[in-house]
Enquirer: 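Here it is, the structure, as structure tokens.
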Amino acid sequence: MSNSGTAIDERVVAFVEGHAPEQLQFVIDLSNQNSFSYNKPGTDRVAEMILERIGGLFPVHRVVEHREVGNLHILSTVTEGTSIYLLGHMDTVFPPNHPFKECRLDGDKLRGPGSGDMKAGVASIVYSVLALHDAGVLDRVPLTVILGSDEEIGAVYSRSVYEEEREKALACLVVEGGGVNREIVVSRNGKIGARVDCIGQDQHVGAVDLQKASAVLELAHKTISLEGLNGTFPGVRVNVGKVEGGLGPATIPAKSHALIDVRWQDQSVRDELVASIADAVGREDLPGCRSEFTIMNERSAWPLTSGTQRLSEIVKKVSLELGHPIQQEHRLGTSDSNFFGCAGVPTIDGLGPICKGYHTADEFVYVSSIPERTALVARSLLAITEEMT
């Protein structure tokens, strides 16, 4: 493999820059196609749009079919052995009936549903692959691309695939959105998505006996206890994010539930933290009520390792050569990178274009960062191949 700064590197960058308008339109087309996690037809259509451009460039194409969400696709230049993994997810948080439906350009900002998280990142995968193919070196890069379909719901259907594939990973690159100061991600918190169910006894509020076994009131006690766990462990965040319950104002509620988000930085606190949550939920605060705690999805914390630091230095060197120096950061959120990083695979996330307003109706990506980050991904794949294979 040629050294950085050679004709191949220059050709890769020239391809990316020359196809920037085309790539921008591709981001717009991807963003305008709804691919809410549970919109399987929409997510599968996004996969078709991607495969129409790069599907024929890989000798290996494995499809993992899902019934509830879009299918997962694995594309590889190698038929066996290890490779560099490049991950992107096709699903977004916006349901089909959400009012935020289409992209619009606003100067250097492209506003659109999933534009930053992560349709622009997916487009950077596509055009980095096309650039390597145009330069005649794609088959010389041991590359495996995974197009995920359920990242936004914790990869509940795809987790086993990532845990299987990481055994063959030399390194892992993920194109979640980059930081506003060009940060890349070298470690992430762990996370649990969970549900608390409270069961009481329904009763008319006009009944003579007002010994209320209210599931809503019981859940209020649980909410206070769970929120009280913030700060009890270093780096821990517990959030009761959605609460529902009751039949109507004149009925004492028999059922209620809450969705909670639990995050931690140090994996060693996970078990004690979960035990504290289970204790708080299992305690009977009101006579006649009981509660249950259910973990729905989980990603282990990904710590910074020497392997990731070495990988970061390779990517940093490429960024300097491209004239866009990067920094590294720990990110409080999680992504599919956690499955690789927590297992000790050298992993870099946040390599996608720079964006803000994730998961909101003001989500946008900086247009100028799309070719910038695409060149960074493509050139980094070449440098990693040279340094680590």
Side-chain angles (χ1 to χ4, degrees), residues 23-55 61-75 86-104 110-126 145-162 174-177 191 193-195 241-242 244 257 259 261 296-299 333-339 352-353 355-365:
Q23 184 179 7
L24 175 59
Q25 185 59 53
F26 187 53
V27 176
I28 293 171
D29 293 342
L30 290 174
S31 300
N32 287 342
Q33 170 58 61
N34 182 274
S35 56
F36 176 58
S37 298
Y38 289 107
N39 178 7
K40 176 178 171 58
T43 307
D44 285 339
R45 175 56 190 146
V46 167
E48 291 174 0
M49 295 166 71
I50 297 166
L51 295 172
E52 285 168 0
R53 300 189 179 227
I54 63 170
H61 179 195
R62 174 186 168 201
V63 182
V64 180
E65 295 187 356
H66 295 310
R67 183 175 298 177
E68 295 84 0
V69 299
N71 295 336
L72 178 146
H73 295 263
I74 302 174
L75 306 165
L86 181 57
L87 310 186
H89 68 84
M90 302 176 289
D91 63 317
T92 76
V93 301
F94 299 98
N97 61 354
H98 195 282
F100 192 36
K101 294 182 183 297
E102 296 182 348
C103 287
R104 72 178 190 275
L110 175 66
R111 302 183 187 276
S115 56
D117 190 13
M118 61 183 306
K119 299 297 179 65
V122 168
S124 72
I125 291 178
V126 170
V145 173
I146 299 184
L147 302 171
S149 57
D150 60 346
E151 191 274 344
E152 296 293 3
I153 55 172
V156 290
Y157 303 101
S158 303
R159 175 174 180 164
S160 61
V161 176
Y162 293 118
V174 187
V175 289
E176 293 283 357
K191 176 186 178 250
R195 175 178 170 127
K242 183 177 182 179
E244 294 182 332
H257 74 266
L259 300 179
D261 183 282
M296 300 187 298
N297 58 75
E298 180 171 359
R299 292 185 176 114
T334 65
S335 84
D336 290 336
S337 61
N338 285 64
F339 295 121
C355 55
K356 295 181 70 175
Y358 299 92
H359 296 191
T360 74
D362 193 38
E363 181 172 326
F364 68 86
V365 60

Enquirer: If you define the side chain from C-beta out and look only at heavy atoms, does anything of V175 sit under 4.5 Å from V122?
Expert: no
Enquirer: What are the two closest non-hydrogen atoms of S115 and G112, and how far apart are they?
Expert: OG-O, 2.9 Å
Enquirer: Between S31 and I28, is there a donor-acceptor pair closer than 3.5 Å when you use the side chain of the first and the backbone of the second?
Expert: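 No.
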Enquirer: Taking C-beta and beyond as the side chain, do L147 and L87 meet within less than 4.5 Å on heavy atoms?
Expert: no
Enquirer: Can you classify the ring geometry of Y157 versus Y38 as parallel (below 30°), tilted (30 to 60°) or perpendicular (above 60°)?
Expert: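 Judged by the thresholds at 30° and 60°, the geometry between Y157 and Y38 is perpendicular.
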Enquirer: Can you check whether C103's main-chain N or O pairs, donor with acceptor, with N32's side chain at less than 3.5 Å?
Expert: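 Yes, because the side chain of N32 sits within donor-acceptor range (under 3.5 Å) of the backbone of C103.
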Enquirer: For a 4.5 angstrom cut-off between non-hydrogen side-chain atoms, does N297 reach K191?
Expert: yes
Enquirer: If you take the centroid of each ring, where Trp contributes its six-membered ring, are F94 and F36 closer together than 6.0 Å?
Expert: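 Judged by ring-centre distance (under 6.0 Å), F36 and F94 do not meet the cut-off.
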Enquirer: Could you please spell out the steps behind the side-chain hydrogen bond (donor to acceptor under 3.5 Å, both in side chains) verdict for S37 and D150?
Expert: CA-CA 6 Å; S37 298; D150 60 346; over 6 Å; no
Enquirer: With side chains defined as the heavy atoms from C-beta onward, is the minimum distance between V156 and E68 less than 4.5 Å?
Expert: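 Result no, sub-4.5 Å side-chain heavy-atom pair not found.
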Enquirer: Between the main-chain N or O of E151 and the side-chain N or O of D91, is there a donor-acceptor pair closer than 3.5 Å?
Expert: yes
Enquirer: Enter the distance from E363:CD to F100:CZ here, rounded to the nearest 0.5 Å.
Expert: 6.5 Å
Enquirer: I'd like to know if the side chain of S35 reaches the main chain of M90, judged simply by a donor and an acceptor atom lying under 3.5 Å from each other, with no hydrogens or angles considered.
Expert: yes
Enquirer: More than 12 foreign heavy atoms under 6.0 Å from CD of E65: is that the case here?
Expert: no
Enquirer: Test side-chain hydrogen bond (donor to acceptor under 3.5 Å, both in side chains) on K119 and T92; report intermediate values, then the result.
Expert: CA-CA 9 Å; K119 299 297 179 65; T92 76; 5.5 Å; no
Enquirer: Compute both the distance and the angle, then confirm whether R159 meets the cation-pi test with F339: under 6.0 Å from the six-membered ring centre, within 45 degrees of the axis.
Expert: no
Enquirer: Quick test of your reading of the model: are E244 and K242 salt-bridged, counting only N-O distances below 4.0 Å?
Expert: yes
Enquirer: Kindly indicate, with the supporting measurements, whether the criterion side-chain hydrogen bond (donor to acceptor under 3.5 Å, both in side chains) is fulfilled by H66 and S158.
Expert: CA-CA 9 Å; H66 295 310; S158 303; 3.3 Å; yes
Enquirer: Does some side-chain heavy atom of Y162 sit less than 4.5 Å from a side-chain heavy atom of N338?
Expert: no
Enquirer: Ignoring hydrogens and geometry, is there a side-chain-to-backbone donor-acceptor pair from D117 to Y358 under 3.5 Å?
Expert: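 No, D117 side chain to Y358 backbone: no donor-acceptor pair under 3.5 Å.
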Enquirer: Under the 3.5 angstrom rule, does the side chain of R104 hit a backbone N or O of L110 as a donor-acceptor pair?
Expert: no
Enquirer: Counting C-beta onward and ignoring hydrogens, is there a side-chain heavy-atom pair between M49 and Q33 closer than 4.5 Å?
Expert: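 Yes, side chains in contact.
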Enquirer: Looking only at heavy atoms, which two atoms of V365 and P353 are closest? And how far apart?
Expert: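 What the structure gives for the nearest pair is CG2-CB, 3.6 Å.
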Enquirer: Determine whether D29 and Q25 satisfy the following criterion, side-chain hydrogen bond (donor to acceptor under 3.5 Å, both in side chains), listing intermediate values before the conclusion.
Expert: CA-CA 6 Å; D29 293 342; Q25 185 59 53; 2.9 Å; yes
Enquirer: Which distance, rounded to the nearest 0.5 Å, do you find between the CZ of R53 and the CD1 of I125?
Expert: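 Spacing of CZ (R53) from CD1 (I125) equals 14.0 Å.
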Enquirer: Please round to the nearest 0.5 Å and tell me the distance separating atom CD1 of I146 and atom CG of L75.
Expert: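 The CD1 atom of I146 sits 9.5 Å away from the CG atom of L75.
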Enquirer: Heavy-atom count check: over 12 atoms from other residues, nucleotides or ligands less than 6.0 Å from K40 NZ?
Expert: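 For K40, atom NZ is crowded (more than 12 foreign heavy atoms under 6.0 Å).
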Enquirer: Using modelled atom types only, decide if a donor and an acceptor are shared between the side chain of D336 and the backbone of A155 within a distance under 3.5 Å.
Expert: no
Enquirer: Answer yes or no: is there a side-chain heavy-atom contact under 4.5 Å between R195 and H257?
Expert: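 The answer is yes, as the side chains (C-beta and beyond) meet within the 4.5 Å cut-off.
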Enquirer: Verify, without hydrogens or angle tests, whether T43 (side chain) and N39 (backbone) share a donor-acceptor contact under 3.5 angstrom.
Expert: yes
Enquirer: Is any side-chain heavy atom of L72 less than 4.5 Å from a side-chain heavy atom of V63?
Expert: no
